Amino acid sequence: RVEVKQGEIWYPGVVTRVNASDDADGSGTTLSVTYVGFGNTQVVDASLARRLEAPDGGALPASKRVAGTPCLAKYLADGRWYAARVEEVLADGSVRVLFTAYADI
């Protein structure tokens, strides 16, 4: 999982392919990224991507990804982690959450 910067906003995605550069310093490497929640795929410069890190305690294990499970989720607008609840497990294993303090999906 990664986040890709578009303007001033970081969007979550999954790297589907690394397109290596022939440059000696590795510059010019691109990534094919499928955006989580949007489904579109885009080729982006690797310098615009960063690894998506979970807060202390790590990512929610697959066995806990069931509707109703409390968790922390990253809010895209500000990049902070907030209390949430799993609402739905999607086909790719990612989850749709409800931010419990704000009742916002």
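These figures come from a predicted structure and were not determined experimentally. The first residue in the sequence is number 1, and the count goes up from there.
- A heavy-atom distance below 4.5 Å is found between the side chains of Val43 and Asn19.
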Take Val4 and Tyr35 through the side-chain contact (heavy atoms from CB on, under 4.5 Å) test and state the conclusion after the steps.
-> CA-CA 9 Å; Val4 177; Tyr35 292 98; 3.6 Å; yes
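- Between Val95 and Leu90, the closest side-chain pair of non-hydrogen atoms is not below 4.5 Å.
- Of all heavy-atom pairs between Ala73 and Val97, the closest is CB-CG2, 3.7 Å.
- Side-chain polar atoms of Gln42 and Tyr11 form no donor-acceptor pair below 3.5 angstrom.
- Salt bridge status for Arg50 with Glu3: present, with a side-chain N to carboxylate O gap under 4.0 Å.
- Between the side chains of Ser32 and Thr16, no donor N or O sits under 3.5 Å from an acceptor N or O.
- Using a 4.5 Å heavy-atom cutoff, the side chains of Lys5 and Trp10 are in contact.
- Expressed to the nearest 0.5 Å, how far CD of Glu87 lies from OG1 of Thr69 amounts to 10.5 Å.
- Residue Leu98 is not grouped with residue Val66 when hydrophobic side chains (ILVMFWY) are merged at heavy-atom distances under 4.5 angstrom, including chains of intermediate members.
- The distance from the SG atom of Cys71 to the OH atom of Tyr82 is 14.5 Å, given to the nearest 0.5 Å.
- Between Val86 and Arg96, the closest side-chain pair of non-hydrogen atoms is not below 4.5 Å.
- Side-chain contact between Arg17 and Val15 is absent, with no heavy atoms from C-beta onward closer than 4.5 Å.
- Using a 4.5 Å heavy-atom cutoff, the side chains of Arg85 and Thr100 are in contact.
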